[in-house]
Undergrad: 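Sharing a structure below in structure tokens format, with a few things to ask.
In what follows, every chain begins at residue 1, and chains take the letters A, B, ... in the order their sequences are listed.
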Number of protein chains: 2
Amino acid sequence: MFQDSERPLYEIKANLFKGLSHPYRIRILEILATASLAVSGPGEVAVADILTETELEASHLSQHLSVLRRHRLVRSQRRGSTVYYRLAFPEVADLLRVARSLLGEILEETKDQLDTAGVLR
Amino acid sequence: MFQDSERPLYEIKANLFKGLSHPYRIRILEILATASLAVSGPGEVAVADILTETELEASHLSQHLSVLRRHRLVRSQRRGSTVYYRLAFPEVADLLRVARSLLGEILEETKDQLDTAGVLR
DNA sequence: TGATGAATTGATAATTTCATCATATCAACG
DNA sequence: CGTTGATATGATGAAATTATCAATTCATCA
């Protein structure tokens, strides 16, 4: 059979996190998440707009978008010479949100420890 | 100042996902998450028990636990010659849960597409 | 104190990811 | 059809991560 998806779930999960392990890919996903949040928003963003916002070079951005596509985190659609990207699932935004929440805890605790150590003063 | 935490949040977030990007580290976190869920559970797990459950070699496990500690995802406590690990924050379990949910969507869609293509028949 | 069990750290080769430039492809237009 | 704008793919060296074995450290006990 073609059941590559017979891999253990923890392996697939780790692979998902690999797709998320680069700063620019996080930035891209957050741009898309913001677009999907706007009530009257388009839910999608043109590559040119991502280029502008991230200040990446075109081929660098494409490489990252390709990784995101491969990991099924985004979808693309070409209309004429413009390509649009959107989050593939709302849960991607959920994941970013929970990660933000966790980081908040981590950074808060780190700050407390630095305070305790008197490092910040 | 010592503000290494002046790095952009998306960079810190990507780094968090790096800590999660290995199958065994996911397994470890899930073992700890399960321990923290049990109502009368200890919330913590001895290294020896993780060793047994994952069937890793001791030094391999230690290397992974060290990464998790460095990323502030777990905490350890030595009592006598036994070291116990626990999740550093409940949000770690949340993150695993949301990732699982997202993967459910991804795998569901992949399965649908394979069905459509008649590959599974 | 030496031996033993538990766990961690150090070291290094193999593998994967990242950074970045060159090239190719797709779409529109005169 | 050639040119241009937009976007993707290919290629490769550098950097980071993984896999795995050796050595060390910590705690306990006789």
Undergrad: How many Å lie between CZ on Arg78(A) and C1' on dT25(C), as a whole number?
TA: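 Nearest whole value for this atom pair: 8 Å.
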Undergrad: Could you tell me if Tyr84(A) and Arg75(A) have a donor-acceptor pair between their side chains, going purely by distance under 3.5 Å?
TA: no
Undergrad: How long is the line joining CD1 of Ile50(B) and C1' of dA7(C), in whole Å?
TA: 11 Å
Undergrad: Could you check whether Tyr24(B) gets within reach of a base, just the sugar-phosphate, or nothing at all, counting any heavy atom under 4.0 Å?
TA: nothing
Undergrad: Judged by modelled atom types alone, do Tyr85(A) and Arg69(A) share a side-chain donor-acceptor pair under 3.5 Å?
TA: yes
Undergrad: Measure across Ala33(A) and Ala93(A) and return the closest heavy-atom pair with its distance rounded to 0.1 Å.
TA: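 For Ala33(A) versus Ala93(A), the nearest heavy atoms are CB-CB, 4.1 Å.
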Undergrad: Give me the atom names and distance for the closest heavy-atom approach of Leu95(A) to Ala99(B).
TA: CD1-N, 3.6 Å
Undergrad: Give one of base, sugar-phosphate or nothing for Arg69(A), where a contact means two heavy atoms less than 4.0 Å apart.
TA: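 It contacts sugar-phosphate atoms only.
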Undergrad: Would you classify Tyr85(B) as touching base, sugar-phosphate or nothing, given that sugar-phosphate means primed atoms plus P, OP1 and OP2, and contacts are heavy atoms under 4.0 Å?
TA: sugar-phosphate
Undergrad: Are His60(A) and Gln63(A) linked by a side-chain donor-acceptor pair shorter than 3.5 Å?
TA: no
Undergrad: Please determine whether side chain to side chain contact (heavy atoms under 4.5 Å, CB included) holds for the pair Leu20(A) and Leu20(B), giving the CA-CA distance in whole Å, both sets of side-chain angles, and the decisive distance to 0.1 Å.
TA: CA-CA 10 Å; Leu20(A) 295 163; Leu20(B) 295 163; over 6 Å; no
Undergrad: Return whichever of His60(A) or Ser81(A) has its heavy-atom-nearest nucleotide of DNA chain C closer to the 5' end.
TA: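 On the 5' side of the pair lies His60(A).
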Undergrad: How would you give the extent of chain A contacts on DNA chain D, as first and last nucleotide 5' to 3' within a 4.0 Å heavy-atom cut-off?
TA: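 Terminal contacting nucleotides, 5' to 3': dA6(D) to dA11(D).
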Undergrad: Could you tell me how far apart Gln77(A) (CD) and dC26(C) (P) are, to the nearest whole angstrom?
TA: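 Going from CD in Gln77(A) over to P in dC26(C) covers 17 Å.
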Undergrad: Over how many whole Å does the gap from Tyr84(A) atom OH to dA27(C) atom C1' extend?
TA: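 Taking OH of Tyr84(A) and C1' of dA27(C), I get 13 Å after rounding.
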Undergrad: Under 4.0 Å, heavy atoms only, any strand: does Thr82(A) hit a base, just the sugar-phosphate, or nothing?
TA: sugar-phosphate
Undergrad: Expressed in angstrom and rounded to an integer, what is the separation of Arg79(A) atom CZ from dC26(C) atom C1'?
TA: 16 Å
Undergrad: Taking atom C1' of dC21(C) as reference, at what distance in whole Å does atom CG of Leu61(A) sit?
TA: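 Rounded to whole Å, this separation is 16 Å.
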Undergrad: Is a donor on one side and an acceptor on the other found under 3.5 Å between the side chain of His71(A) and the backbone of Leu73(A)?
TA: no
Undergrad: On DNA chain D, does the nearest nucleotide to Asp49(A) precede the nearest nucleotide to His64(B) from the 5' side, or the other way round? Give the residue.
TA: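 Between the two, 5'-proximity favours Asp49(A).
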Undergrad: Glu57(B) or Ala46(A): which one's nearest nucleotide on DNA chain D is closer to the 5' end?
TA: Ala46(A)
Undergrad: What is the pairing partner of dA30(D), taking Watson-Crick or G-U wobble pairs with both distances under 3.5 Å in any strand?
TA: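 The answer is dT1(C), by the H-bond criterion.
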Undergrad: If each of Val47(B) and Lys18(B) is mapped to the nucleotide of DNA chain C with the nearest heavy atom, which maps nearer the 5' terminus, i.e. the 5' end?
TA: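 Its nearest nucleotide being more 5', the pick is Val47(B).
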Undergrad: Side chain of Gln63(B), base of dT9(C): donor and acceptor closer than 3.5 Å?
TA: no
Undergrad: Once you apply a heavy-atom cut-off of 4.0 Å, does Ser21(A) come out as touching a base, just sugar-phosphate, or nothing?
TA: sugar-phosphate
